[in-house]
Amino acid sequence: MARNVLANLVGMAVSIAVQAGLAFGGYRLAGAEQYGLIGFFTVMMTAAAIFDAGLGQTATRAVARQQVEDAAGTGSLVFSFLLIYLALALALILAVWAGSGLLATHWLKPQNIETSYVASSLVLMGVAIGIQRLRGVFQATLEGLERQVTCNLLLASTGMLRLVLGLGALAVEPSAHAFFWSQIAASVVETGSFALAVGRVVPGAFRPRRPEMATIGQTMAFAGTNMASAATGTFVQIADSLVVSAMLPLSVFGTYSLVSTMCSAMVRLTTPLITAAFPRMSAHVRGERVQELRVLFFTASQATFVLMLTAAGALVFFGGAFIELVSGRPDAARDFAPVLAALAVAYALSGLCRPSHALQMAEGDPATALKSNLVTGALYLPAILLLTPRYGVILPALCLIGANGLAFAIFTATAFRNRLKGLAGRWLRGSVLPQLLAVAAAYALVRAVTPESLPLLTRLAVAVGASGLALAAAVLASDHLRAHLPGLRRPDGARAGA
């Protein structure tokens, strides 16, 4: 699995660089209001990713289990999922087209852009998103086969293409239309590349045949609950952006979207580890290998939290410098640094839920996540709808901390009821609290001795150094990770009880 984790880390590093490049270059080239449309595109992409978080994870699980039961039937299974994805992608494109007029007229608040231009931009967004979401079935197949190296090579190369086309289009014509046409082209290339890769490793994946309704029926019951869970969870995470885009000027939403993008990139640091661990968790659950499952879960949790908390700490303690770097506006850094800090804490809490959620999914339990999302959403959404107009953009960020904190408590209380029953306390004491304290202490120490009057580049250099110190401290505080460091390995017997 180490090879897959490394491949996922490299792929995700490139993906985050692409996301940061598009945010940095897009804001600078297009301006705050035009970038507001690009930011809304990001929100819609996140909403559409429900397919990957719901149906995609179901496909990955089904393909992984198929390798244990009957590998020869993988082609038929993939074709059945492909038909489902085609229908959903088409429905997505048509839904965005049908709603573009209402969104442009009654939702977004442009000040210097015509409503018709906003509506046509939304149509282009829908086409780009629909084509890219079709990639999900092919990516899920490769992940289920544990071919993360191939998957990440494709993600990295097509991601760089997306960056070059997007910034190149904005450099020629600094408009949202130019950007969206470039993303349509990138989505076509990306989805086609993934399809070719799957065709090479899964014989018969594209051979027309009657869909296996029994297989679809068995998986869709799981997928339906999973997608409902993903939908409610995603809606909770993007509700702040939806409310800000509807209640405040598009230029304000543009800056808020930039800050939110920085936090979402932080959460994506955990994806390589979870993606690599999930098929292995599913296999351990299928084979009832509880000891291997326990070691894998604790190790994946510690690695996930080390990365997540280190990134979150950088945004909390040095967020103003990062905003000024990306936006080029000291006033935006001053106004939005508290918002970034609050969002970083909120997104970090969301990231801390991911190992527990992956364990529940491997055990075939998507219902708990759905219930958690419904509870947190019922408290969170009314709060931001009622209070955002009065308190501004800081309010949704603070409310999101409460919602994700509640979700973390629910996931922690429910994830240890089956195969890892009774290990919740040990998990918190070994995989959460030591890493949190180590990261907080490292950043607080460096921040306390760093004058605010330093030049921007110097502050950024200090932030990078503090991140390295925090990362090292968190790794040393993690027993499962520390055991893999040269000179610090413990005897096997000492780790057996972890």
Side-chain angles (χ1 to χ4, degrees), residues 19-47 96-129 163 165-184 238-262 264 323-337 339-340 343 384-385 388-397:
Q19 186 179 24
L22 287 174
F24 177 88
Y27 192 92
R28 290 290 190 95
L29 292 171
E33 192 165 32
Q34 288 280 348
Y35 185 79
L37 290 175
I38 297 174
F40 195 70
F41 173 65
T42 303
V43 173
M44 291 180 64
M45 288 275 284
T46 302
V96 175
W97 170 75
S100 60
L102 288 175
L103 287 172
T105 304
H106 300 292
W107 192 276
L108 298 175
K109 300 292 186 293
Q111 295 174 305
N112 301 300
I113 303 176
E114 295 292 333
T115 301
S116 59
Y117 184 91
V118 175
S120 58
S121 295
L122 290 166
V123 173
L124 294 176
M125 290 183 205
V127 174
I129 294 170
L163 174 64
L165 290 179
L167 295 185
L170 288 174
V172 173
E173 181 185 344
S175 69
H177 273 187
F179 178 82
F180 295 138
W181 277 113
S182 74
Q183 298 310 290
I184 290 174
I238 66 173
D240 59 332
S241 293
L242 292 174
V243 170
V244 172
S245 68
M247 295 185 173
L248 299 175
L250 194 58
S251 58
V252 174
F253 171 67
T255 306
Y256 186 87
S257 177
L258 181 68
V259 169
S260 182
T261 298
M262 296 168 69
S264 65
I323 295 175
E324 185 175 349
L325 171 69
V326 174
S327 68
R329 295 171 49 199
D331 62 315
R334 181 182 62 254
D335 295 339
F336 279 86
V339 178
L340 176 58
L343 281 177
I384 62 174
L385 286 172
T388 298
R390 180 174 180 179
Y391 295 103
V393 292
I394 189 64
L395 191 280

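Any value given below was found using the heavy atoms of this structure, including those in side chains, with hydrogens, waters and symmetry copies removed.
Residues P396 and D240 approach most closely at CB-CB, 3.5 Å, considering heavy atoms. Of all heavy-atom pairs spanning S241 and Y256, the tightest one is OG-CE2, 3.9 Å. In terms of heavy-atom proximity, S327 sits nearest to A332 at OG-CB, 3.9 Å.
By the 4.5 Å heavy-atom criterion applied to side chains, M247 and L385 are counted as neighbours. Side-chain contact between F40 and L250 is absent, with no heavy atoms from C-beta onward closer than 4.5 Å. Inter-residue side-chain proximity for I323 and L258 is flagged as unmet; no heavy-atom pair is nearer than 4.5 Å. I113 is listed as a side-chain neighbour of L37, based on a closest heavy-atom distance under 4.5 Å. Considering only heavy atoms from C-beta on, L103 stays 4.5 Å or farther from L108 through its side chain. A heavy-atom distance below 4.5 Å is not found between the side chains of F179 and P174. Using a 4.5 Å heavy-atom threshold, the side chains of Q34 and L170 count as separate. The side-chain heavy atoms of V252 and V393, taken from C-beta on, include a pair separated by under 4.5 Å.
Here the side chain of Q111 pairs no donor or acceptor atom with the backbone of S251 at under 3.5 angstrom. The backbone N or O of F253 lies less than 3.5 Å from no partner atom in the side chain of S257, so there is not a single donor-acceptor pair. In this structure, the side chain of T105 does not engage the main chain of L102 through any donor-acceptor pair within 3.5 Å. Put simply, the side chain of Y117 gets close to the backbone of A176: a donor and an acceptor are under 3.5 Å apart. Side chain of K109 to backbone of S245: no donor-acceptor contact under 3.5 angstrom is found.
Side-chain polar atoms of E114 and S116 form no donor-acceptor pair below 3.5 angstrom. Between the side chains of Y35 and T255, no donor-acceptor pair is found at a separation under 3.5 Å.
In this structure, CE in M44 is found 6.0 Å from CG in L122, a value given to the nearest 0.5 Å. Taken from CG in L29 to OG in S175, the straight-line distance is 11.0 Å, to the nearest 0.5 Å. Put simply, CZ on R334 and CZ on R329 are 9.5 Å apart, with the number rounded to the nearest 0.5 Å. Going from atom CG of L22 over to atom CG of L167 covers 5.5 Å, rounded to the nearest 0.5 Å.
By the ring-ring contact (aromatic ring centres under 6.0 Å, His included) test, F41 is found to be paired with F180, residues two or more places apart in sequence or in another chain being considered.
When each of D335, T388, V339 is paired with I394, the side-chain contact (heavy atoms from CB on, under 4.5 Å) condition holds for V339 and for no other.
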